[in-house]
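Please read the structure below before turning to the comments.
FYI, the numbering just counts along the sequence from 1. One-based numbering, in listed order, for ligands and for the atoms of each. Model, not experiment: these values are computed from the prediction.
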Amino acid sequence: MMLYLAKDKLDVFFEKASEKLNVYVPVDNTNGSAYRKWTPGTVVSKGLHTTKSAKDFFFPQTENLVEFKMSGKAIEIIDPRRETEDYAVFGVRACDVRSFGILDKVFLSDPVDTYYKNRREHGLILGLSCGRPAETCFCGTFGIDAAEPMADVDFTEADNGYYIKANTEKGEAFVASLGDIFEDRDAAPAEEAKAKTREVLKKLPLSNLTTDGFGGDKLDELFDAAGWADLSEACIGCGTCTFVCPTCQCYDIRDYDTGHGIKRFRCWDSCMFSDFTKMAHGNPRLTQKERFRQRFMHKLVYFPANNDGEYGCVGCGRCLASCPISMNIVKVMKKLAKEDSGK
Ligand code: SF4
Ligand code: SF4
């Protein structure tokens, strides 16, 4: 048996959940879709996933870290953090759920990023299994099952409603707190829906893409691969791929002079930008080829080398859809794998 919520009760669910925490849902806009706080009347997007990933919830695009107020020779240090809100994010797909685990490895390992940690602890992830994966999806390449997001609570669409499964203690407590809003139903339709999703995934154009030839032990073979020159040639260094990517985590920290103090903030940065990590002595990566190589080597070699073989890509396909020159990680993998096998 499984818990079930009829589709026409979804608004009741959001309403009840909103009494306990802020609920964010994907909403269509002119650029695709983005998360918005649910209020009565909000229409939830039926699209596959949001244009930008959900990482902003834990790692916002910009945030103030600390402020310094000057008064004569006295300096007051102000922590701008307020009590983090409790919130839930609905409709997170399996690829994005996996990406949070990747970000955790970066931000929650020593030294722990307490800004990220606070938001992570206050957030509840409501996953949604993929009924209609896109042709750009290749989560399976990284061992992700689009039918089982493994979020705090998973929703599987079937039988004109959603079958619900809590995977964590936090998820169980949340589901239990909503009382009798759910029905108990036989789980068979949910299992059938998941099986259908897995069949669709097998037929996607990128279903045969593998990580063969990549991994933490491939530094020497891949770093000097001839293919980087061609692959990077047309890249304009716009950084779009890094900004839509759920696993990219580069940031910059800067000071803004307010006239009577300093606001220190951080904002997303991109290894694709020509001034990324520019220091007094200059920039360690002088050409776009080096910057381009860095992004993909990080996801396919450096990250797995330092994280028990886990890749830094979840196959969400966002970079396939958004690059202005149609370059992406799939093209990189295909070309380098071909080069490696001498074909
Ligand atoms: S590299 Fe591309 S496909 Fe991989 S997680 Fe980032 S945006 Fe998604
Ligand atoms: S989106 Fe495309 S052009 Fe822009 S930095 Fe990424 S690979 Fe280069």
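A tilted orientation is assigned to the rings of Phe243 and Phe273, their planes being inclined by 30° to 60°. Classified by interplanar angle (parallel below 30°, tilted 30° to 60°, perpendicular above 60°), the ring pair Phe174/Phe13 is perpendicular.
Ring centroid separation for the pair Phe100 and Phe58 comes in under the 6.0 Å cut-off.
Considering every non-hydrogen atom in both Arg318 and Val244, the closest pair reads CD-O, 3.1 Å. Closest approach of Leu336 and Ala225 over heavy atoms only: CD2-CB, 3.8 Å.
Numbered from 1 in the order shown, with element, the atoms of ligand 1 that lie under 4.0 Å from a heavy atom of Phe138 read 3 (S). Taking every heavy atom of Cys245 and a limit of under 4.0 angstrom, the matching atoms of ligand 1 come to 5 (S), 6 (Fe), 7 (S). Taking a cut-off of under 4.0 Å to the non-hydrogen atoms of Pro324, the atoms of ligand 2 that pass are 1 (S). In summary, the atoms of ligand 1 found under 4.0 Å from a heavy atom of Lys299, numbered by their order in the structure, are 1 (S). The distance from ligand 1 to the heavy atoms of Cys319 drops below 4.0 Å at these ligand atoms: 1 (S), 2 (Fe), 3 (S), 7 (S).
Each of Phe57, Phe14, Phe90 was evaluated against Tyr24; a single residue qualifies, Phe57, per the ring pair (Phe, Tyr, Trp, His ring centres under 6.0 Å) test.
For a distance bound of 2.8 Å, the N, O or S atoms of Cys241 include one lying that close to atom 6 (Fe) of ligand 2.
Ligand 1 has at least one atom lying under 4.0 Å from a heavy atom of Arg295. Proximity of Val314 to ligand 1 is established by a heavy-atom distance of less than 4.0 Å.
When the shell of 6.0 Å around CZ of Arg81 is examined, it contains more than 12 heavy atoms from other residues, nucleotides or ligands. Around atom CG of Asp257, more than 12 heavy atoms belonging to other residues, nucleotides or ligands sit under 6.0 Å away.
Inspection of the Gln294 and Arg291 side chains reveals no N or O donor paired with an N or O acceptor under 3.5 Å.
Within the set Gly312, Cys248, Ser322, Cys316, the minimum heavy-atom distance to atom 8 (Fe) of ligand 1 is found for Cys316. Remark: among candidates Cys313, Cys323, Pro246, the nearest residue to atom 4 (Fe) of ligand 1 is Cys313, based on non-hydrogen atoms.
Of the protein's non-hydrogen atoms, Gly317 N, 3.3 Å is the one closest to atom 3 (S) of ligand 1. Gly239 N, 3.2 Å is the protein heavy atom nearest to atom 5 (S) of ligand 2.
With a 4.0 Å heavy-atom cut-off, ligand 2 is reached by the backbone of Ile236 and by its side chain too.
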